Visitor: 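If you scroll down you'll find the structure; I have some questions about it.
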Amino acid sequence: MINRRNWRGIEAICIPVAALFFSLLLFGIFCALAGANPFAVYASIYKAAFGSWRSFQNSLLRAAPLMLSSLCTALPARLGLVIIGNEGALVVGGLGAVAAGLALSTAPPTIVQIAMALAGIICGGLWIGAVGALRHYRAVNETISSLLLNYIAIALLNHLVGGPMRDPSSLNKPSSYPIADINMIGSIPGTRVHYGLIYGLIACAIAYFLIQRTTFGFAARTAGGNIRAARIAGLPVGKLTMAICFLAGSCAGLAGMVEVAAVHGRANESLNANYGYGGILVAFIARHNPLAASLVAILLGGILASGGILQRAHNLPDATVLVFQGLVFLVVLYSESLYGRLPIFKEREPGKGTDSLPPIPNPQAPIPS
Amino acid sequence: MTTEALGWWGVPLAIAAGTLRGSAPFLFVSLGECLTEKSGKINLGLEGTLLTGAMSAYAISYLTGSPWLGVLVAGLAGMVLGFIHAWLSQQPRVNDVAVGIAMIIFGSGIAFFFGKSFIQPSAPQLPTIDLGTWSSISAIQSALKISPLFLIGVAIAPLMQWFFKSTRWGLFIRAVGDSPDAAKAMGISINKVRMICIIAGSCLAGIGGAYLSLYYPGSWNERISSGQGLMAVALVIFARWNPVQCLYASLLFGGAQAIGPALQSVGINSYYYLFNASPYILTLLIMIITCSPKRTLTGAPGALGQ
């Protein structure tokens, strides 16, 4: 027999899938209006993203930073915070990683790589941690402060790679000195996909476990559900806010480290490649569920990877991918409002919001004190 | 460079000129955001609206030869995006900040998609009012060139203030923004009021975009707005939801934006990028100083973002 929880589960799968199809339909209409054959466009997106092992590797390459940066929005969302500072934390994490990589260039590669990862984590963590601290101590709106910090981070990047950290041999595109090849994090054997993907998958798994299966996560979800109740229950809301923000930022910072230590080998404006904004999109489509985020990141990575082929094969501007992303985002957001409204899913409890995934209280979890 | 002839006097002059020129986009988006937020919704997507406005104004001006028609179309394009935002953000369980981020992606996607073919050609620009003809120094002459669009924006600010304070419609909007339940009891349709406010606000932001591409910097490319639309939200908080203060705040931001280029013109460019970030740093500092966990911000609409 189908009980209420099952219906909820079916609904939670059907609605996003239907939303994706509907956004494909809208995008098809858009392409047709722009004079391209929508079916040919779909076919090339599929081919460029998932059609062959080679193209799938391309998608995975792009998915790695998206996964990590999506956690920067997904984790604080559990506390009810809307943080969009992913880009800034990513850039700062990348800068920290380069600084560590250059400072320790004579140490053994493993040490350098660990130091770079730690530097990325700490820099990104402190960057968004500051947002959490401002939120708690000064009641500064976290969305706006994290947004402002994006621009400040990019200015900092431009300043450092254009001045103090500049490699004089980088003429057209100011860059920092390069990290030695031996200190770069390499590819997974047998593929062109770098280890950043593994970092991303592990981070998503840890984040999921942390939120769903630990006391800490339970406390965070409680505070996100009803902050007054959480305060009355004696939860340290301020500490929770800052801890979650630090973790969120450290994920995005790690994404920056991956970009630096696996892709570019140095810090320059390529770091600011909109993976941060893509991460926001991933987090919202995945409904702030870290496990779902890893899948959505691969999907979006595929879409991003197909940008070039749309330009070459269909003579569409490279911004087509941006339009596609925007449409997907809008449709997915609209689909949020459909939960519990569609007659076919009416078996479930009426009138109960499912803003985030149904929190499944863990009976074993001790009541936090 | 003409400013070099003036030596160090060129710096304050360049900042003043930059203030007069660069603050208009801030002014239009912040007034648009102010109107939107007064009705209780946040529109973070004005960055996309600004870009779409800039692109459509430039394209229309290029295709028809009439920059004012471009301004009109930019406003209309803004209204279309505003309609999408208004409709989506009023659905149940849809967060308006998230819709805003989506609209940034969508709006800039649309702008870059259709604007691709207009990056190269040059479109007719908006005319200017020259107030500096009395001076023989060309730097002063060019500093005192003022766009009529800027003057229109300056006029809208007190007008909007009066509108909120003294008209029936202004009262409706404030009621909807402060206490939707009370507004409902008064028989006001919350959806309708918010819809109109968001659309009108987006229209203003679209016109702000037209100013960017048709007057200053006066060209269309993908880096034209550099986050000015996003700043609107911060600006409105800074201005305490008061249209006239939006004007002062925009002047301040326009000036802060001009510091970097002004210093560069006298040869100081070691901190160029950091000075360019000064509007953002300034906003953040002001927010840190003025916000407090003990009280809500004075002037904030009671039901903002709910």
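What you are looking at is a predicted structure, and each value in this text was computed from that prediction instead of being measured.
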Visitor: Out of B/I101, B/D96, B/N95, B/V99, which one pairs with A/L333 under the side-chain contact (heavy atoms from CB on, under 4.5 Å) rule?
Guide: B/V99
Visitor: For residues 318-329 of chain A, which residue pairs pass the salt bridge (charged side-chain N to carboxylate O under 4.0 Å, His left out) check, not counting sequence neighbours?
Guide: A/D318-B/K116
Visitor: Can you tell if the side chain of A/L330 reaches within under 4.5 Å of the side chain of B/M103, non-hydrogen atoms only?
Guide: yes
Visitor: OH/B/Y273 to CG/A/L160 distance, rounded to the nearest 0.5 angstrom?
Guide: 12.0 Å
Visitor: At a heavy-atom distance under 4.5 Å, which candidate from A/T320, A/V82, A/V328 has the highest pair count against chain B?
Guide: A/T320
Visitor: Quick check for you: among A/A34, A/A155, A/P317, A/G163, which has the greatest number of heavy-atom pairs under 4.5 Å with chain B?
Guide: A/P317
Visitor: Between B/I237 and chain A, which part of the residue has a heavy atom less than 4.5 Å away: side chain, backbone, both or neither?
Guide: side chain
Visitor: Do B/I104 and A/F329 come within less than 4.5 Å of each other through their side chains, counting heavy atoms only?
Guide: no
Visitor: A/L316 versus chain B, heavy atoms under 4.5 Å apart: side chain, backbone, both or neither?
Guide: side chain
Visitor: Between atom CG of A/L148 and atom CD1 of B/I286, what is the distance when rounded to the nearest 0.5 Å?
Guide: 10.5 Å
Visitor: Could you pull out the closest heavy-atom pair between A/S337 and B/V94, with the gap in Å?
Guide: CB-CG2, 3.9 Å
Visitor: For A/R138 versus B/I288, what's the shortest heavy-atom pair and its separation?
Guide: NE-O, 3.0 Å
Visitor: Which atom names give the shortest non-hydrogen contact between A/A319 and B/G109, and what distance separates them?
Guide: CB-O, 3.8 Å
Visitor: Where is the tightest heavy-atom contact between B/I105 and A/G326, given as atom of each residue plus distance?
Guide: CG2-N, 3.6 Å
Visitor: Can you tell me which portion of B/L88 sits under 4.5 Å from chain A's heavy atoms? Options are side chain, backbone, both or neither.
Guide: side chain
Visitor: Below 4.5 Å from any heavy atom of chain A, which atoms of B/S108 appear? Answer side chain, backbone, both or neither.
Guide: both
Visitor: At their closest point, which heavy atom of B/C291 faces which heavy atom of A/V140, and how far apart are they?
Guide: CB-CG2, 4.1 Å
Visitor: Who wins among B/F112, B/W87, B/F113 for the most heavy-atom pairs under 4.5 Å with chain A?
Guide: B/F113
Visitor: Which atoms of B/F114 come close to chain A, meaning under 4.5 Å heavy atom to heavy atom: side chain ones, backbone ones, both, or neither?
Guide: side chain
Visitor: Quick one: what part of A/F324 sits under 4.5 Å from any heavy atom of chain B, side chain, backbone, both or neither?
Guide: neither
Visitor: Quick one: CD1 on B/I281 to CG on A/L156, what's the gap to the nearest 0.5 Å?
Guide: 9.0 Å
Visitor: Could you check which of B/A277, B/G227, B/S270, B/P92 has the highest count of heavy-atom pairs closer than 4.5 Å to chain A?
Guide: B/P92
Visitor: Under the criterion side-chain contact (heavy atoms from CB on, under 4.5 Å), which of A/T143, A/N141, A/I144 is the partner of B/V97?
Guide: A/T143
Visitor: What heavy-atom pair brings A/L338 and B/R93 nearest, and what distance separates the two atoms?
Guide: C-NH2, 4.5 Å
Visitor: Where on A/I84 is there a heavy atom nearer than 4.5 Å to chain B: the side chain, the backbone, both, or neither?
Guide: side chain
Visitor: Got a second to check how far A/Y151's OH is from B/L230's CG, nearest 0.5 Å?
Guide: 4.0 Å
Visitor: By a 4.5 Å heavy-atom criterion (distance strictly below it), what part of A/F284 contacts chain B: side chain, backbone, both, or neither?
Guide: side chain
